[in-house]
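Computation of the quantities below employed the complete heavy-atom set of this structure, encompassing side-chain atoms and omitting hydrogens, waters and symmetry-equivalent molecules. Each residue takes its place number in the sequence, starting with 1. These numbers come from a predicted model, not from an experiment.
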Amino acid sequence: VRMEFERTPAVALLHEKPLVDLLQAAYDELEVAELPGSCTASLALLTSEGQLHVLNVGDSGIQLVRGGKSVFRTREQQHYFNCPFQL
């Protein structure tokens with residue numbers, strides 16, 4: 001994802017869902033390379049305008065804390081206990 005973002009940094013400004021587009025591009029590149037494996041993913045992007053984008057797939061997660069209090073948390077995504085969605 002980092003490499004894809006470095007190639008096209010304007011994706012953060014030009015796309016409605018930039019992290020979905022970045023993750024999809026990275027996934028497609030790995031599919032073409034026929035690299036085996038799977039993973040869960042948690043991504044966050046804070047734009048210069050102060051807009052926070054988050055993306056979570058699987059049992060990982062993102063939590064936003066302000067003033068010592070949790071104000072936002074993604075939910076785990078899994079088929080059943082200990083079997084997370086994966087890419």
TODO: Test Phe72 against Leu52 for side-chain contact (heavy atoms from CB on, under 4.5 Å), laying out the working first.
DONE: CA-CA 11 Å; Phe72 174 80; Leu52 178 64; 6.0 Å; no
What residues, two or more places apart in sequence or in another chain, satisfy side chain to side chain donor-acceptor pair (under 3.5 Å) together with Ser42?
->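 Ser42: side chain to side chain donor-acceptor pair (under 3.5 Å) contacts with Asn56.
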Minimal heavy-atom distance between Gly61 and Thr74, with the atoms involved, is CA-OG1, 3.3 Å
Separation between CD (Gln24) and CG (Leu55), nearest 0.5 Å, reads 11.0 Å
d(His53 NE2, Gln51 CD) to nearest 0.5 Å is 3.5 Å
inquiry  = Which Ile, Leu, Val, Met, Phe, Trp or Tyr residues join Leu30 in one cluster when any pair of side-chain heavy atoms under 4.5 Å counts as a link?
reply    =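 Leu35, all in the cluster of Leu30.
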With hydrophobic residues grouped by side-chain heavy-atom distances under 4.5 Å, do Val57 and Leu45 end up in a single group? yes
- request: Verify the cluster assignment for Leu19 and Leu23: are they in a single hydrophobic cluster under the rule of side-chain heavy atoms below 4.5 Å apart?
  value: yes
Give every donor-acceptor pair under 3.5 Å between a side-chain atom in residues 62-70 and any protein atom, sequence neighbours left out.
| residue | atom | partner | partner atom | Å |
| --- | --- | --- | --- | --- |
| Gln63 | NE2 | Ser70 | OG | 2.9 |

